[in-house]
Amino acid sequence: MEGESTEVDNSQSRRGGSAASVIGLGLLTICAVFQIGMGVYFIGLRPTLLPEDERFIGGTLAEVSRSAPELATWLNRVFVVLGGHAVATGLLAFLAVYLVSRGGRPSRITLLLLASAGLFSVVLMSGINFVIASDFRWVLLVPALAWIAGVITLGLQAFSLRRGGDPSVEVRPKNESEP
């Protein structure tokens with residue numbers, strides 16, 4: 001077939017359908033669900049102080065409230081704001097997953113923005129929970145690692161596509177009757 005042209009069928013890649021893309025987008029989807037769930041918890045379910053909070057500050061809410069009577073009210077409002085931001089981050093993560101899945105390989109700026117969002121949300125949260133020796137530090141490490149793995153997987157897939165090395169891209173002889 002000398003002189004026969006070939007075409008690259010990258011329709012799967014444009015839709016984000018490679019295995020690497022599915023894994024990366026799946027991990028980020030899990031993180032989006034986590035962010036929304038955590039936000040809802042902070043908005044409506046989180047107590048003013050957890051037992052670990054009381055250990056860290058060296059007193060119970062009742063003891064601390066004697067010198068700062070409005071502390072509980074203030075903390076509850078702060079947690080509602082924090083929860084709202086977590087829900088918003090989760091919704092924006094869903095939007096990013098949707099847009100990347102519809103548009104194919106993510107651009108460098110998309111990867112940079114996804115990495116930055118993860119850094120300033122789940123990775124920072126996880127790190128601080130290790131600093132304060134939180135009871136939940138190991139559980140909160142999971143979404144941070146999932147976000148990192150998701151962005152790295154998408155990045156590897158994107159850079160592989162730029163070099164033409166994506167195994168999900170099928171190269172086949174071009175049929176001249178096809179558009």
Side-chain angles (χ1 to χ4, degrees), residues 16 19-103 105-158:
S21 182
V22 169
I23 291 168
L25 293 173
L27 288 168
L28 291 174
T29 299
I30 290 167
C31 290
V33 170
F34 166 79
Q35 287 288 121
I36 291 170
M38 182 181 66
V40 169
Y41 169 75
F42 270 84
I43 290 169
L45 301 173
R46 189 191 193 283
T48 304
L49 292 180
L50 297 169
E52 69 179 26
D53 299 327
E54 292 177 341
R55 282 193 309 272
F56 188 82
I57 64 173
T60 66
L61 180 59
E63 293 167 348
V64 175
S65 291
R66 283 193 277 274
S67 62
E70 293 301 315
L71 179 67
T73 302
W74 180 77
L75 282 174
N76 289 331
R77 290 178 182 157
V78 168
F79 291 140
V80 168
V81 170
L82 178 65
H85 277 272
V87 169
T89 299
L91 293 172
L92 289 172
F94 270 130
L95 176 62
V97 166
Y98 173 76
L99 292 174
V100 170
S101 71
R102 303 290 297 162
R105 75 172 184 235
S107 67
R108 286 185 176 103
I109 190 70
T110 300
L111 292 169
L112 178 65
L113 290 171
L114 283 171
S116 298
L119 173 67
F120 288 106
S121 61
V122 291
V123 174
L124 181 63
M125 177 191 59
S126 178
I128 293 298
N129 275 275
F130 273 90
V131 168
I132 66 171
S134 167
D135 296 341
F136 305 100
R137 64 186 175 268
W138 294 105
V139 172
L140 295 174
L141 181 61
V142 174
L145 293 176
W147 195 293
I148 291 167
V151 171
I152 288 172
T153 303
L154 284 177
L156 291 173
Q157 184 251 353

> So which heavy atom on Ser126 is nearest to which on Ala144, and how close?
Replying inline: CB-CB, 3.9 Å
> Under the side-chain contact (heavy atoms from CB on, under 4.5 Å) criterion, do Leu141 and Leu145 qualify, and how do the steps go?
Replying inline: CA-CA 6 Å; Leu141 181 61; Leu145 293 176; 3.7 Å; yes
>> Looking at every non-hydrogen atom in both residues, tell me the closest pair between Thr29 and Phe94 and how far apart they are.
In response: CG2-CE2, 3.6 Å
> Does the side chain of Leu95 reach to within under 4.5 Å of the side chain of Leu99, using non-hydrogen atoms?
Replying inline: yes
> Step by step, would you call Phe42 with His85 a side-chain contact (heavy atoms from CB on, under 4.5 Å)?
Replying inline: CA-CA 10 Å; Phe42 270 84; His85 277 272; over 6 Å; no
> How many angstroms lie between CG in Leu114 and OG1 in Thr110, if you round to the nearest 0.5 Å?
Replying inline: 6.5 Å
>> Looking at Phe56, I'd like to know if its CZ atom is crowded, meaning that more than 12 non-hydrogen atoms belonging to other residues, nucleotides or ligands lie closer than 6.0 Å.
In response: no
> Under 4.5 Å between any side-chain heavy atoms of Thr89 and Phe34, yes or no?
Replying inline: no
> Are Leu49 and Ile57 close enough that some pair of their side-chain heavy atoms sits under 4.5 Å apart?
Replying inline: yes
>> Any side-chain to backbone donor/acceptor pair from Arg77 onto Trp74? Under 3.5 Å, distance only.
In response: no
> Closest approach of Gly155 and Leu111, non-hydrogen atoms and distance?
Replying inline: CA-CD1, 3.6 Å
> Of the non-hydrogen atoms in Ala146 and Leu27, which two are nearest, and what is the gap between them?
Replying inline: O-CB, 3.6 Å
> Rounded to the nearest 0.5 Å, what separation is found between the CG atom of Leu124 and the CG atom of Asn129?
Replying inline: 9.5 Å
>> Minimum heavy-atom separation for Leu25 and Ser101, please, with both atom names.
In response: CD1-CB, 3.7 Å
>> For Leu112, is there any backbone N or O sitting under 3.5 Å from a side-chain donor or acceptor partner on Ser116?
In response: yes
> For the atom pair CE (Met38) and CD1 (Ile43), what is the distance rounded to the nearest 0.5 Å?
Replying inline: 10.5 Å
>> So, taking the atom named CG in Leu61 and the one named CZ in Arg66, what distance separates them when rounded to the nearest 0.5 Å?
In response: 10.5 Å
> Gln157 and Thr153: side-chain contact (heavy atoms from CB on, under 4.5 Å), yes or no, with the steps?
Replying inline: CA-CA 6 Å; Gln157 184 251 353; Thr153 303; 5.7 Å; no
>> Nearest 0.5 angstrom please: Leu82 CG to Leu75 CG, how far?
In response: 11.0 Å
> Is it the case that more than 12 heavy atoms not belonging to Tyr41 sit under 6.0 Å from its OH atom?
Replying inline: yes
>> As an exercise, state the distance from CG of Leu71 to OG of Ser65, rounded to the nearest 0.5 Å.
In response: 5.5 Å
> Looking at Ala93 and Trp147, what are the two nearest heavy atoms and their distance?
Replying inline: CB-CH2, 3.9 Å
> Does the pair Val100 and Val97 meet the rule for a side-chain contact (heavy atoms from CB on, under 4.5 Å), with working shown?
Replying inline: CA-CA 5 Å; Val100 170; Val97 166; over 6 Å; no
